[in-house]
Amino acid sequence: MKSVKVFFPTIDSVKDFVVAVSHYPFDVDLHNGRYVVDAKSLLGIYSLDLAKPIVCEIYNDNCDELLKDINKFIAK
């Protein structure tokens, strides 16, 4: 399992993130406080507070390709 923080500066960036994550067969969750949503769910992500970075949990140890695909969303 890998954990990174992601940030979505625009509404379009949320859509781009969901498209990127949806190409992978393993589970990816986003959680903000006590709320956990499927990272492949556009509506789920919109239910979170997008004003600050969100923790992204990737449930696979071989996720280097996914991390490359979502690199622009990872909070620096």
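Throughout, numbering of the chain's residues begins at 1 and tracks the sequence.
Closest non-hydrogen pair, Ser47 versus Val37, comes out as OG-CG1, 3.9 Å. Closest non-hydrogen pair, Asp61 versus Met1, comes out as OD1-N, 2.6 Å. Nearest heavy-atom pair across His31 and Ile54 is O-CG2, 3.5 Å. Among all heavy-atom pairs drawn from Ala39 and Leu30, the shortest one is CB-CG, 3.9 Å.
To the nearest 0.5 Å, atom CG of residue Asn62 and atom CG of residue Leu67 are 11.0 Å apart. Atoms CG and CD1, from Asp29 and Ile58 in turn, are 10.5 Å apart once rounded to the nearest 0.5 Å. In this structure, Ile70 CD1 and Asp16 CG are separated by 12.5 Å, a value rounded to the nearest 0.5 Å. Atom CG of Leu50 and atom CD1 of Ile45 lie 8.0 Å apart (nearest 0.5 Å).
The cluster map of Ile, Leu, Val, Met, Phe, Trp and Tyr, joined by side-chain heavy atoms under 4.5 Å apart, puts Leu42 and Tyr35 in the same cluster. The hydrophobic cluster containing Val14 also contains Ile74, counting ILVMFWY residues as joined when their side-chain heavy atoms lie under 4.5 angstrom apart, directly or transitively. Cluster annotation: Ile11 and Val6 are assigned to the same hydrophobic cluster (Ile/Leu/Val/Met/Phe/Trp/Tyr, side-chain heavy-atom contacts under 4.5 Å, transitive). One hydrophobic cluster holds both Val4 and Val18 under the rule that ILVMFWY side chains link at heavy-atom gaps under 4.5 Å.
Just one residue in the list Val21, Leu66, Val28 forms a side-chain contact (heavy atoms from CB on, under 4.5 Å) with Cys56, and that residue is Val28.
Between Cys63 and Phe26 there is a side-chain heavy-atom pair separated by less than 4.5 Å.
Lys52 meets the salt bridge (Lys or Arg N to Asp or Glu O under 4.0 Å) test with Asp49; sequence neighbours excluded. Pro9 pairs by the side-chain contact (heavy atoms from CB on, under 4.5 Å) definition with Phe7, Ser13, not counting sequence neighbours.
Each side-chain hydrogen bond (donor to acceptor under 3.5 Å, both in side chains) pair with one or both residues in residues 63-76, not counting sequence neighbours, appears once here: Tyr24-Asp69.
Below 30°, between 30° and 60°, or above 60°: for Phe73 and Phe8 the angle between ring planes is between 30° and 60°, a tilted geometry.
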